[in-house]
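Please read the structure below before turning to the comments.
Quick note: numbers below take in every heavy atom, side chains included, and nothing from hydrogens, waters or symmetry partners. Numbers for residues simply follow the sequence, beginning at 1.
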Amino acid sequence: MEPILEIRQLNSFYRQGGSAFSRGRTVQVLQDINVTIGRGEVLGLVGESGSGKSTLAKSILGMTEYQGEIVHHSRRPQMVFQDPYSSLNPAFSIRRIVEEPLRIYGKYSAAERKRRAEEMLEAVGLGPEFHNRKPAQLSGGQRQRVSIAAAMIVQPRLVILDEAVSALDVTIQDQILDLLMKLRRTYDLSYLFISHDLNVIYQCCDRVIVMQKGKIVEENTVDGIFDHPVHPYTKQLLKAAE
Ligand SMILES: Nc1ncnc2c1ncn2[C@@H]1O[C@H](COP(=O)(O)OP(=O)(O)OP(=O)(O)O)[C@@H](O)[C@H]1O
């Protein structure tokens with residue numbers, strides 16, 4: 001498997017209580033994490049609340065202090081969050097929101113940005129009638145499509161989906177999962193798919209890692225994890241999801 005991201009002996013920390021006069025104290029959240037994500041792979045990351053899933057995502061994006069190695073074999077990963085309500089600028093049109101990451105790059109003309117944004121909106125199933133709407137004029141599922149388009153517009157190879165379908169009704173969840181799988185094929189993407197919902201993980205992941213208290217306690221193919229869980233914590237998670 002050709003890697004898109006390799007993480008070796010990662011230990012991640014948050015700093016708490018610092019001020020102009022003191023550096024505060026560091027709190028270690030992740031311990032000795034080793035993970036490889038393959039090109040085109042969907043890697044699931046499960047674990048109970050507080051186990052460190054989002055911290056791993058933040059470390060990959062360089063948003064925590066860490067020791068160890070994070071080796072990127074592609075351009076910067078993009079992230080899609082759970083809550084499209086808070087991550088979309090309410091004052092902007094949908095097209096502007098999707099164009100915005102390209103403005104930051106600064107290398108495209110206005111006409112080219114518009115063309116790319118419209119093409120990306122089409123790819124996530126939002127036709128011209130949506131271009132000039134504001135986020136408040138969309139459903140939750142449509143808003144999540146906009147977030148996905150804004151992440152994909154910069155042509156990442158790895159996308160981190162942090163509870164990206166968790167806030168949606170089950171039918172809408174299925175539609176968004178279908179869309180993500182279609183985009184994965186079209187753009188040859190890898191996903192790190194973070195979810196507390198094992199049914200969602202089962203539907204779309206190739207491989208799964210299980211985290212407990214900042215450590216990886218089990219790693220296997222999705223069938224291996226579901227059919228032959230080894231670690232007591234994995235068994236407990238599966239039992240809770242029955
Ligand atoms: N900025 C921060 N400063 C200090 N500690 C933090 C910070 N962010 C998270 N933590 C702590 O790190 C631990 C892991 O949190 P994290 O958000 O990574 O867990 P999670 O598995 O993503 O949980 P959830 O499923 O609830 O989102 C928790 O104990 C949390 O309190």
Side-chain angles (χ1 to χ4, degrees), residues 42 45 49 53-55 57-58 60-63 74-197 199-200 203-204:
V42 182
L45 172 53
S49 183
K53 304 183 300 294
S54 296
T55 303
K58 287 185 201 162
I60 293 170
L61 295 171
M63 292 159 62
S74 71
R75 51 185 155 260
R76 188 182 153 80
Q78 294 295 307
M79 187 136 166
V80 177
F81 296 95
Q82 171 171 3
D83 182 9
Y85 303 83
S86 59
S87 56
L88 303 178
N89 187 332
F92 283 177
S93 71
I94 299 314
R95 183 172 51 216
R96 173 78 194 265
I97 289 169
V98 176
E99 261 183 51
E100 206 57 19
L102 294 180
R103 281 174 190 261
I104 296 163
Y105 270 177
K107 67 176 183 183
Y108 299 107
S109 67
E112 181 61 13
R113 286 199 305 265
K114 182 167 176 284
R115 191 191 66 74
R116 285 176 182 247
E118 289 180 358
E119 194 180 282
M120 201 66 239
L121 281 166
E122 194 65 45
V124 299
L126 296 174
E129 69 275 26
F130 290 96
H131 293 173
N132 293 317
R133 288 202 206 170
K134 303 274 168 63
Q137 297 166 312
L138 300 182
S139 69
Q142 288 163 347
R143 273 191 272 244
Q144 199 54 309
R145 287 172 192 267
V146 175
S147 302
I148 292 167
M152 305 276 178
I153 191 99
V154 294
Q155 301 177 304
R157 303 306 300 270
L158 171 63
V159 179
I160 301 172
L161 303 158
D162 192 356
E163 302 284 1
V165 297
S166 302
L168 305 170
D169 293 347
V170 176
T171 36
I172 308 296
Q173 243 183 26
D174 285 346
Q175 292 170 11
I176 300 293
L177 289 176
D178 282 350
L179 170 67
L180 288 168
M181 294 309 127
K182 189 184 93 183
L183 294 170
R184 171 201 180 190
R185 286 191 298 274
T186 310
Y187 299 112
D188 191 21
L189 294 167
S190 308
Y191 292 141
L192 176 60
F193 199 106
I194 301 175
S195 181
H196 67 274
D197 185 338
N199 291 317
V200 169
Q203 274 182 61
C204 63

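For the pair Arg145 (side chain) and Val124 (backbone), a donor-acceptor distance under 3.5 Å is present. With hydrogens and angles ignored, the 3.5 Å screen pairs no side-chain donor or acceptor of Tyr191 with any backbone N or O of Cys204. No side-chain donor-acceptor contact under 3.5 Å links Glu118 to the backbone of Arg95. Side-chain atoms of Glu112 never come within 3.5 Å of backbone atoms of Ser109 as a donor-acceptor pair (strictly under, hydrogens ignored). A distance-only check finds a donor-acceptor pair linking the side chain of Gln144 to the backbone of Ala164 [under 3.5 Å]. When atom types are taken as modelled, the side chain of Arg75 and the backbone of Gln155 share a donor-acceptor pair closer than 3.5 angstrom.
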Next item on the list: Run the numbers on Ile104 and Val154 for side-chain contact (heavy atoms from CB on, under 4.5 Å), then give the verdict.
Entry: CA-CA 10 Å; Ile104 296 163; Val154 294; over 6 Å; no
Next item on the list: Apply side-chain contact (heavy atoms from CB on, under 4.5 Å) to His196 and Ser166, showing your working.
Entry: CA-CA 8 Å; His196 67 274; Ser166 302; 4.0 Å; yes
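The CG atom of Leu189 sits 11.0 Å away from atom CD of Gln78, with the distance rounded to the nearest 0.5 Å. Rounding to the nearest 0.5 Å gives a distance of 9.0 Å between OG of Ser54 and CD of Gln82. Atom-to-atom distance recorded for Phe81:CZ and Glu163:CD is 12.5 Å, nearest 0.5 angstrom. In this structure, the separation between CG on Leu180 and CD on Gln203 is 11.5 Å, given to the nearest 0.5 Å. Taking CZ of Arg96 as the start and CZ of Arg113 as the end, the distance is 8.0 Å to the nearest 0.5 Å. Distance CG/Leu192 to CD1/Ile160: 5.5 Å, rounded to 0.5 Å.
In this structure, the side chains of Glu100 and Asn89 stay at 4.5 Å or more apart for every pair of heavy atoms. In this structure, the side chains of Pro77 and Ile60 come closer than 4.5 Å at one or more pairs of heavy atoms. The closest side-chain heavy-atom distance from Val159 to Leu183 is not below 4.5 Å.
With salt bridges taken as basic N to acidic carboxylate O contacts below 4.0 Å, none links Arg116 and Glu119.
In terms of heavy atoms, His131 sits closest to Leu121 at CD2-CD1, 3.7 Å. The two atoms that bring Tyr187 and Arg157 nearest to each other are O-NE, 4.2 Å, heavy atoms only. Contact detail for Ala150 and Pro101: the closest heavy-atom pair is O-CG, 3.5 Å. Scanning both residues, Leu179 and Ala123, for their nearest heavy atoms gives CD1-O, 3.6 Å. Contact record, Met79 with Ala57: CE-CB, 3.8 Å, taken as the closest heavy-atom pair.
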Quick one: side chains of residues 167-175, donor-acceptor pairs under 3.5 Å with protein atoms, not counting sequence neighbours, listed by atom name and distance.
residue : atom : partner : partner atom : Å
Gln173  : NE2  : Val165  : O            : 3.0

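For the side-chain hydrogen bond (donor to acceptor under 3.5 Å, both in side chains) test, no residue two or more places apart in sequence or in another chain qualifies with Ser74.
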